[in-house]
There are 2 protein chains.
Amino acid sequence: MPRPRSLDPDRVAAAAVAIIDRDGLAGLTMRSAATELGLSTMALYRYVTDRDELELLVAEWVLRDLDPTPPDAGSWIEKIKTMAIRVRVEVGAHPRTVPLLIGNRQRSRPLLHWIEGVLVILTEAGFAGTARVVALRGLVGYLNGALLQEQLGPLGGAGTLTMATLPVADFPLLRETAGVARDLPAEEEFAGGLDIVLRGLTAIAPE
Amino acid sequence: MPRPRSLDPDRVAAAAVAIIDRDGLAGLTMRSAATELGLSTMALYRYVTDRDELELLVAEWVLRDLDPTPPDAGSWIEKIKTMAIRVRVEVGAHPRTVPLLIGNRQRSRPLLHWIEGVLVILTEAGFAGTARVVALRGLVGYLNGALLQEQLGPLGGAGTLTMATLPVADFPLLRETAGVARDLPAEEEFAGGLDIVLRGLTAIAPE
DNA sequence: ACCTGAACACCGTTCAAGT
DNA sequence: ACCTGAACACCGTTCAAGT
């Protein structure tokens, strides 16, 4: 007399994300996830084959609402910008999952659909062959780095405590820049960096 | 009758890096590092207070020869490019340490000196205030992302195996692009992305 | 089928003890 | 001072057993 499955992958992922939001990445263990779901530890293995798969579930769940459709108005640069900002918005709801998103970026369905959308835009803009690869990777590389940096602590954030103790004589510009960075909102920092990448893309665009 | 200290931080770091080079990041444990050094596990705690400090030692050791001095010939863009390539060269000798380098980027002395050098170049180019923060962070963001991506597996690399199994109909451009990416050397991919960022920097440069 | 609990081979780290 | 070994509180995961 088989019992009905008490959970679905969505609820498993949501529970894992709740733990990460609350206790950080280190707080997520097979045991804590099972407890959060009201299961014994081993029952969790009914739903995922191992921790790696649980992390993939998390990565896909966080980006489940990521819109992969290219905007239909605006220049191709504006479209790419919109696509990039969409990622940051979704990630912003669960920022501590960032390392998992990066680690699973090649297998995450929502992200793959988003990449396909970006490629549509790049292709319409005339990119092809290796130039298109470079453009995509440059954009994604910046996105990964910027989101990770924002999460690990921006120049103006916690890490600056260490920097405040550095000998001023050896790092005059670093000290000065860190001071300015403290007052620069993360969102503007992200937008500014994205703008650099987008202008760079414009510069190497075909035609 | 105190015994002489049998090791210095440099040898500890070198041993840890040797393990990472050989067995990957997961292979590095307090136990494996101690064994590599011919010590009992707990003797390692004479040299580092905990695992976190061991990882910092690794991060600093890998970049110990990173030249922080701005090149004196060439345009400011060429100088920045040289600085960026220097990082990739040093990292290239121990690529699997990348996550540790990123995690410790705010405390790693060699990296802080390198950043100071980059800031000298940016300042000479006329960058100041928030524009200088954005320029620095955009560059470092790309560097982090690109090196991490290169390490976790480029588009043309292992992860593409997963992609090869995707339904073609849903991801036509992704499939096509992955095929091209497979034949693009990592070095060219990095250089191409760096070029995008540098051109973007040019576009937002003062004067 | 679905769930449980004991157990195994790991971790990082504390502590008391040896030279 | 420097090093050691046992022990503790964790991990992920295997396995045999319950309903």
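A note on names: the letters A, B, ... follow the listed sequences, proteins ahead of strands, and every chain is numbered from 1. It should be emphasised that the depicted structure is a prediction, and the values quoted were computed from it without experimental measurement. All heavy atoms count here, side chains included; hydrogens, waters and symmetry mates do not.
- Formation of a donor-acceptor pair under 3.5 Å by the A:D23 side chain with backbone atoms of A:A26 is not found in this model.
- With sequence neighbours excluded, the residues forming a side-chain hydrogen bond (donor to acceptor under 3.5 Å, both in side chains) with B:E36 are B:R22, listed by chain and number.
- Checking D:dT13, D:dT14, C:dT13 against every side-chain atom of A:R51, the shortest atom distance belongs to D:dT13.
- In this structure, A:E116 has no side-chain hydrogen bond (donor to acceptor under 3.5 Å, both in side chains) partners at least two apart in sequence or on a different chain.
- Regarding A:D50, its CG atom lies at a distance of 11 Å from the P atom of D:dG12, rounded to whole Å.
- Between the CE atom of B:M30 and the P atom of D:dT4 there is a distance of 14 Å, rounded to whole Å.
- If you take CG of B:L54 and P of C:dT13, they are 10 Å apart, rounded to a whole angstrom.
- Here the P atom of nucleotide D:dA1 and the CG atom of B:L7 are 19 Å apart, to the nearest Å.
- Residue B:M42 places its side chain closer to D:dA6 than to any other of C:dG12, D:dT13, D:dA6.
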In dot-bracket notation, what is the pairing pattern of DNA chain C, taking Watson-Crick (N1-N3 plus N6-O4 or O6-N4) and G-U wobble (N1-O2 and O6-N3) contacts under 3.5 Å, with [ ] crossing and | for other strands?
-> ||.|||||...|||||.||
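- Rounded to an integer number of Å, the gap from CZ of A:R31 to P of C:dA7 is 14 Å.
- The only member of B:L100, B:V12, B:T49 that meets side chain to side chain contact (heavy atoms under 4.5 Å, CB included) when paired with B:L54 is B:V12.
- Counting heavy atoms of neighbouring residues, nucleotides and ligands inside a 6.0 Å radius, atom CZ of A:R11 does not exceed 12 of them.
- Both B:A26 and A:S40 sit near DNA chain C, but only A:S40 has its closest nucleotide nearer the 5' end.
- Between the side chain of B:R105 and the main chain of B:I102, a donor-acceptor pair closer than 3.5 Å is present.
- What separates CG of B:L39 from P of D:dG5 is a distance of 12 Å, to the nearest Å.
- The side chain of B:Y47 contributes an N or O atom lying less than 4.0 Å from OP1 or OP2 of D:dC3.
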